[in-house]
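One structure below.
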Protein chains: 2
Amino acid sequence: MRSPAVNLIEIYQCFCDETRLRILNILSQGPLCVCHLQELLDQPQVRISKHLGYLKTKGVVEAARHQNWMIYSLPAHPSPELEANLKCLQDCVQTHAVFKHDLKRLSKLRPTVGWLDEITGCCSKRQVPQKKTAYETKVLR
Amino acid sequence: MRSPAVNLIEIYQCFCDETRLRILNILSQGPLCVCHLQELLDQPQVRISKHLGYLKTKGVVEAARHQNWMIYSLPAHPSPELEANLKCLQDCVQTHAVFKHDLKRLSKLRPTVGWLDEITGCCSKRQVPQKKTAYETKVLR
DNA sequence: GAGACATATTCCTTAAAGAGGATATAGATG
DNA sequence: CATCTATATCCTCTTTAAGGAATATGTCTC
């Protein structure tokens, strides 16, 4: 069992990279698949994937597979520390162009990804089946 | 000129080490000299000094020489980001034993260091002159 | 100016983080 | 099962961080 201080430090470790901050900022608006994050951040796939992996191992994001996309989101039940710091982060990024810009681009994207039926249309050009997955039903109502 | 996002990240870089968090927690109670920090944290001189140097280069603490002691403090005029995050940090550490313990030990120490005249009596066994330094006069009222 | 004290800096070693290219896996389609 | 798409992992390289020992600097005292 780890000391609680460790969790706090791990939160800050997650927060000290710009790509990760941008990811968290975007996820503050709701769950999103990797390919959309990639598109919004305009960064190579490896990079996004590794940062998401890092965030996940520290418990700062959660992931769920939805068909062949991975949907990342902020934890449904964050620790008080994480919650406080995510809130604080939100306040801090308000004034910074990069982050505002990301949210702006997200909002343009969002009409097409706001609900999971439409997320399934994600980055794929193919048709996807209409049946609900467990993730769709349980996690996103 | 650096992007504002950089500042934010630098704050988090400063926050992701336990020793530095403990230092910041202690300094939240007021300015303190290096030797007292050393004593409170019970860590080697090099370590404390280097962490303080790190914090200083990032603008997260300020330092002023007072005779032959260096007095460290949180910045008199922190950026909004820093202020918000220091506040958040304060909330978060409330519940963690290490940090509470540090403040407890600090408060035992503090009667002897609460005012600068007494800080000068610091870790030294020698007598120190009674005249005020510029730091004492200007910074600490 | 010599010596004592408080603190910082240098040098070295080790560990961790971050990047990218190439490859592997998992689910969906046909 | 062959193939496509989305994502993760492996390998390698470079950078940054952290720790400690030894040494340097700055201030004070005498």
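Numbered from 1 within each chain, the chains take letters A, B, ... in sequence-line order.
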At less than 3.5 Å, do the side-chain atoms of [X] and the base atoms of [N] form a donor-acceptor pair?
X        : N       : value
Gln67(A) : dA6(D)  : no
Gln45(A) : dA6(D)  : no
Lys50(B) : dG19(D) : yes

Output the rounded distance in Å from [atom1] ([X]) to [atom2] ([N]).
X        : N       : atom1 : atom2 : answer
Ile23(B) : dT7(C)  : CD1   : P     : 13 Å
His66(B) : dT27(D) : NE2   : P     : 13 Å
His36(B) : dA6(C)  : NE2   : P     : 10 Å
Ile48(A) : dT5(D)  : CD1   : P     : 20 Å
Gln38(B) : dA8(C)  : CD    : C1'   : 12 Å
Arg22(B) : dA18(D) : CZ    : C1'   : 16 Å
Lys58(A) : dA17(C) : NZ    : P     : 6 Å
Ile71(B) : dT27(D) : CD1   : C1'   : 13 Å

Donor-acceptor side-chain pairing of Tyr54(A) and Asp17(A) below 3.5 angstrom: no
Do Glu81(B) and His96(A) get their side chains close enough for a donor-acceptor pair, meaning under 3.5 Å? yes
For [X] and [N], is the shortest distance between a side-chain N/O and OP1 or OP2 below 4.0 Å?
X        : N       : result
Arg65(A) : dA6(D)  : no
Tyr54(B) : dG19(D) : no
Arg47(A) : dG20(C) : yes
His51(A) : dA19(C) : yes
Tyr72(A) : dA6(D)  : no

Which label fits Tyr12(B) and Tyr12(A): parallel for a plane angle under 30°, tilted from 30 to 60°, or perpendicular past 60°? parallel
Can you figure out which of dC5(C), dG18(C), dT7(D) approaches the side chain of Asn68(B) most closely? dC5(C)
Give the nucleotide from the list dA22(C), dA18(D), dA6(C) with an atom nearest to the side chain of Val46(A). dA22(C)
Students often get this wrong, so: under 4.0 angstrom with heavy atoms, is Val34(B) touching a base, only sugar-phosphate, or nothing? sugar-phosphate
For Ile23(B) and His51(B) the tightest heavy-atom approach is CD1-CB, 4.1 Å
Search all heavy atoms of Arg20(A) against all heavy atoms of Cys14(A) and return the closest pair with its distance. NE-O, 3.0 Å
